[in-house]
Structure formats: structure tokens, C-alpha cells
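Reviewing the structure listed below.
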Amino acid sequence: MISKTMENALNTQISLEGYASFLYLSMASWCDKEGLQGCAAFMHRQSDEERQHMLRIFHYISEVDGHALAPAIAQPPHSFESVHKLFEQVYAHEQKVTASINELLSLAYKDNDHTTLNFLQWYVTEQREEEALMRGILDRIKLIGDGPMSLYYIDKEMEKINKAELAAEAAESAA
Ligand SMILES: [Fe+2]
Ligand SMILES: [Fe+2]
């Protein structure tokens, strides 16, 4: 059994992960419209991942006898200034999620809630990886440049990164 405060905080995290899933879905759609199929595939996979992050918390709350709430999701933006700006927004959102996970950890420490502390460790690792991935992508976009002539190369690069992420996921689930 977790405290009511922790249950509420975890339900808020469900909204944040759910919003990330819809934001990335919206970004995938914009990339598709711009003819950036590598970027679209990457954002679709990220969107699926965020839904899994949401569900993981959802099931955890039920497991510890709380009440998991399906969130209301605000409509995400539908258009983006550029691929560079889009990935800056992704990175900013991931940083926001990391801060929120850290808040949850602080709350769990205060509650002496070792079960939730243990559960949250997965998210600590995940956020470190996600931030590093997005920072790496932004570095590459800076190197390639994001003028119209560079978009093709950025998209090819994203296709490669997406394939590597898929391969890593497959290896992880086979282990
Ligand atoms: Fe997430
Ligand atoms: Fe994420």
C-alpha cells in the first residue's frame, strides 16, 4: 500500500508520460508530412515507448493497491518550426520528465517508501539514456546543419539511429 500523496504523484506522472506519447505522435505526423520518414519512424517508436512508460506506472499503482487514473491529455502542438526546433522540444520535455521523476524519488524517500523507490530506479536509468540520446541527436543536427540541403542527411541519420534503438530493444527483450 502506498500513501495517498504518492498515489496522486504517480498519477500525475502517468499524465506526463501520456502527454509525451501524444506529443511524439504529433511530431511523427509532422515529420511524415515534411517527407522526413526516418524522423517519423523514430518519433513513432518514441511515442510507443512513452505509452509503455505510462502503462508501467499504471500497473504499478494497481499492484500496490492504489487507483490508477486514465489521464486527460492536453492537445499537443501540431506544427513545428524545424527539425532542429522539434528535437530541442523533445530534449526539453525529457528534461522536464527527469525532474519530475526526481521529485517522485524525493517523495518516496520522505515517505520511507522503499517499494516505490525500487520501482522508480528503472525510470532513473531510462531518463539518463533518453537525455543522452536526444543530446546526441541535437549534436549531430548541429554538425550536419539544418538548412534545406541537410534535411536529407538528418533524416538518413535518424533512420540509422532508429534502427539501432530497435535492435537494442530487441536484444533487451531477448535477454
Ligand atoms: Fe517516458
Ligand atoms: Fe522519454
Side-chain angles (χ1 to χ4, degrees), residues 2 6-32 36 38-64 66 68-78 80 83-108 115-141 154 157-173:
I2 51 170
M6 182 51 84
E7 183 187 308
N8 290 340
L10 287 170
N11 270 313
T12 303
Q13 189 65 29
I14 285 179
S15 309
L16 205 55
E17 303 286 350
Y19 180 75
S21 179
F22 275 31
L23 174 64
Y24 297 168
L25 187 67
S26 183
M27 287 174 165
S29 172
W30 181 83
C31 291
D32 241 325
L36 301 163
C39 292
F42 178 87
M43 292 318 302
H44 270 298
R45 192 190 41 72
Q46 287 296 127
S47 173
D48 285 346
E49 256 193 31
E50 297 300 345
R51 179 179 152 79
Q52 292 309 318
H53 297 172
M54 177 184 79
L55 288 178
R56 193 182 271 260
I57 304 169
F58 210 87
H59 293 310
Y60 173 74
I61 295 176
S62 301
E63 198 184 343
V64 292
L69 305 176
I73 308 283
Q75 195 166 41
H78 297 306
F80 303 90
V83 178
H84 190 186
K85 289 270 182 242
L86 182 148
F87 278 104
E88 275 178 353
Q89 262 177 270
V90 173
Y91 185 46
H93 192 74
E94 290 301 331
Q95 286 178 305
K96 187 176 162 185
V97 172
T98 303
S100 172
I101 294 290
N102 285 335
E103 285 298 315
L104 285 174
L105 283 156
S106 301
L107 187 63
T115 312
T116 305
L117 274 174
N118 179 260
F119 166 74
L120 289 171
Q121 294 312 309
W122 185 89
Y123 286 86
V124 173
T125 310
E126 177 65 21
Q127 284 311 117
R128 188 193 68 218
E129 289 172 359
E130 294 254 282
E131 282 198 28
L133 176 65
M134 298 313 166
R135 222 171 25 245
I137 290 169
L138 282 172
D139 284 345
R140 274 188 227 194
I141 293 176
I154 292 177
E157 205 52 34
M158 290 312 300
E159 199 178 296
K160 256 195 275 173
I161 294 171
N162 191 47
K163 279 192 183 142
E165 286 294 307
L166 281 171
E169 273 169 34
E172 215 173 280
S173 60

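Every number for a ligand or one of its atoms is a count from 1 in the order of the listing.
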The Fe ion (ligand 1) reached by Glu50 (N, O or S, under 2.8 Å):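 Yes, within the cut-off.
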Salt-bridge criterion met for Arg45 and Glu169 (N-O under 4.0 Å): yes
[atom1]-[atom2] distance between [X] and [Y], expressed to the nearest 0.5 angstrom:
X      : Y      : atom1 : atom2 : value
Ser29  : His44  : OG    : NE2   : 7.0 Å
Glu159 : Asn162 : CD    : CG    : 8.5 Å
Trp122 : His53  : CH2   : NE2   : 3.5 Å

Can you tell me if an N/O/S atom from [X] lies under 2.8 Å from the Fe ion (ligand 2)?
X      : answer
Glu94  : yes
Glu130 : yes
Glu49  : no

Of the N, O or S atoms in His53, the one nearest the Fe ion (ligand 1):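 Nearest N/O/S atom of His53: ND1.
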Which atom of Glu17 approaches the Fe ion (ligand 1) most closely (N/O/S): OE1
Ser47 side chain vs Ser21 backbone, donor-acceptor pair below 3.5 Å: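 Between the backbone of Ser21 and the side chain of Ser47 there is a qualifying donor-acceptor contact (under 3.5 Å).
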